[in-house]
Amino acid sequence: MKILVCVKQVPDTNEVRINKETGTLIRDGVPSILNPDDANALEEALKIKDEHDDVTITVITMGPPQADFMLRECLAMGADDAILLSDRAFGGADTWATSNTIAAGIAKVGDYDIIFAGRQAIDGDTAQVGPQIAEKLDIPQVTYVQDFKIEGKDIIVQRQLEDGYELIKVSTPVLLTAVKELNAPRYMSVDKIVKAYKHDVKVWTIDDLDVNKEEVGLKASPTKVFRSFTPEPRGKGEILEGKADEIANKIIIGLKQKHII
Ligand SMILES: Cc1cc2nc3c(=O)[nH]c(=O)nc-3n(C[C@H](O)[C@H](O)[C@H](O)COP(=O)(O)OP(=O)(O)OC[C@H]3O[C@@H](n4cnc5c(N)ncnc54)[C@H](O)[C@@H]3O)c2cc1C
């Protein structure tokens with residue numbers, strides 16, 4: 001079985017702080033990490049490899065040359081191969097142009113059974129790239145996968161809903177997007193870290209892909225970020241005093257005024 005995992009290098013948004021004077025984001029010193037949902041996607045692929053023979057896992061990313069570091073982290077977790085789609089022409093892409101590039105990279109690999117992606121990246125936060133890749137490769141997709149098992153030739157997944165889950169049977173090839181409830185990602189192992197640095201990461205530029213050059217990167221993106229700004233800080237908290245039932249009453253009135261309840 002051939003498994004591809006889409007992985008994205010993202011700034012650790014837990015580390016991003018707001019400069020109180022300028023109101024802008026402080027990005028200096030913010031580490032780049034493997035997107036958390038993508039770590040769950042990779043872990044699920046690794047679990048399949050642990051339990052079945054003849055499984056190969058390839059991780060693929062579109063990003064700048066620095067994304068090589070994250071790919072080696074994936075190799076050190078247990079992936080067999082890594083592909084970096086990197087070219088200035090891919091820069092500034094929105095989700096449509098991003099998925100065009102990644103789908104072209106996956107099509108070049110060809111011959112895959114399962115494609116895993118994360119549900120969402122913690123920087124762009126759209127959750128659009130996985131489903132768009134499936135559309136462009138013309139294969140079925142299941143998003144929000146919280147449980148996965150192989151039964152004979154079938155794959156049975158639970159798709160997370162707000163108030164429960166759907167049980168879905170799928171056949172390959174299929175694209176699945178992972179949520180954090182799916183598993184607990186493993187750590188890198190020392191021997192695999194050493195191997196990861198000896199591994200040859202494939203770097204593919206626009207000329208290596210069978211992609212329409214007018215359909216990738218910033219210029220091809222149907223959406224453009226027009227303005228970005230830091231949200232207003234929340235107002236000060238209010239301390240209510242008095243008897244418990246009076247306070248409860250005030251809270252209910254306040255919440256109703258704000259249309260929260
Ligand atoms: C300079 C710049 C300009 C931008 N301009 C725009 C713009 O004008 N309009 C706009 O809408 N967006 C813009 N973006 C954001 C861009 O659309 C997103 O970074 C990108 O499309 C991925 O979307 P996302 O982060 O929401 O991923 P999601 O859709 O939330 O990611 C879901 C999953 O898809 C996979 N995935 C996502 N991205 C990658 C990747 N690069 N490589 C491999 N797998 C991936 C991962 O498995 C991930 O978990 C810009 C970004 C940059 C850096």
Side-chain angles (χ1 to χ4, degrees), residues 3-13 16 25 27 30 32-45 57-71 73-74 77 79 81-109 112 114-137 141-145 160 174-183 185 201-204 206 209 211 215-228:
I3 306 178
L4 273 160
V5 187
C6 302
V7 288
K8 184 181 183 191
Q9 190 180 42
V10 293
D12 186 351
T13 46
V16 175
L25 296 178
R27 291 172 186 274
V30 176
S32 291
I33 56 166
L34 168 63
N35 181 52
D37 284 351
D38 304 356
N40 295 105
L42 176 56
E43 174 61 32
E44 203 56 29
I57 303 171
T58 302
V59 286
I60 184 163
T61 194
M62 181 193 90
Q66 303 89 284
D68 176 89
F69 183 74
M70 172 208 59
L71 290 175
E73 187 180 332
C74 297
M77 284 170 73
D81 215 352
I83 300 168
L84 171 58
L85 307 173
S86 197
D87 196 304
R88 282 192 173 273
F90 302 148
D94 71 357
T95 58
W96 186 81
T98 297
S99 58
N100 284 343
T101 303
I102 299 172
I106 292 174
K108 180 170 166 130
V109 176
Y112 46 80
I114 303 175
I115 301 170
F116 276 109
R119 176 196 61 146
Q120 195 161 342
I122 56 171
D123 55 349
D125 246 357
T126 66
Q128 292 173 359
V129 172
Q132 288 184 10
I133 293 171
E135 287 292 321
K136 285 163 189 177
L137 294 170
Q141 57 177 284
V142 183
T143 53
Y144 286 73
V145 171
Q160 190 178 75
V174 65
L175 183 142
L176 306 169
T177 77
V179 293
K180 67 174 186 299
E181 289 79 6
L182 182 59
N183 53 44
V201 168
K202 294 184 183 77
V203 182
W204 290 346
I206 194 164
L209 301 183
V211 66
E215 294 187 350
V216 298
L218 180 64
K219 275 197 194 151
S221 297
T223 57
K224 300 274 181 286
V225 176
F226 169 64
R227 188 165 75 95
S228 60

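Indexing begins at 1, ligand by ligand and atom by atom, following the structure's order.
- For atom 3 (C) of ligand 1, the nearest protein heavy atom is under 4.0 Å away.
- For ligand 1, the atoms sitting less than 4.0 Å from at least one non-hydrogen atom of N35 are 49 (O), numbered in the order shown with element in parentheses.
- The shell of residues lying under 4.0 angstrom from ligand 1, judged by heavy atoms, includes R119.
- Under a 4.0 Å heavy-atom criterion, G92 is in contact with ligand 1.
- The N/O atoms of L218, backbone and side chain alike, include none that comes under 3.5 Å of an N/O atom in ligand 1.
- Proximity of T98 to ligand 1, defined as any heavy-atom pair under 4.0 Å, is confined to the side chain (atoms from C-beta onward).
- Contacts of S99 with ligand 1, taken as heavy-atom pairs under 4.0 Å, are absent altogether.
- For ligand 1 and I102, the ligand atoms under 4.0 Å from any heavy atom of the residue are 39 (C), 40 (C), 42 (N), 43 (C), 44 (N), 45 (C).
- Here D123 has side-chain heavy atoms under 4.0 Å from ligand 1, and that is the only part of it that gets that close.
- Remark: ligand 1 atoms within the under-4.0 Å shell around heavy atoms of I60 are 43 (C).
- When heavy-atom distances to ligand 1 are checked against a 4.0 Å cut-off, D38 comes that close only through its side chain, counted from C-beta outward.
- Shown in contact with G124 at under 4.0 Å from a heavy atom are these atoms of ligand 1, numbered in order with element: 24 (P), 25 (O), 26 (O).
- For D87, there are no salt bridge (Lys or Arg N to Asp or Glu O under 4.0 Å) partners at least two apart in sequence or on another chain.
- Counting atoms of ligand 1 from 1 in the listed order, those under 4.0 Å from a heavy atom of Q128 are 29 (O).
- Below 4.0 Å from some heavy atom of T61 lie the following atoms of ligand 1, by number and element: 42 (N), 43 (C).
- The closest approach between a heavy atom of D37 and any atom of ligand 1 is not below 4.0 Å.
- The ligand atoms of ligand 1 that sit less than 4.0 angstrom from a heavy atom of A127 are 28 (P), 29 (O), 30 (O).
- Any N or O atom pair closer than 3.5 Å counts here, and A117 shares no such pair with ligand 1.
- Between C6 and D38, the closest side-chain pair of non-hydrogen atoms is not below 4.5 Å.
- No heavy atom of S221 sits closer than 4.0 Å to any atom of ligand 1.
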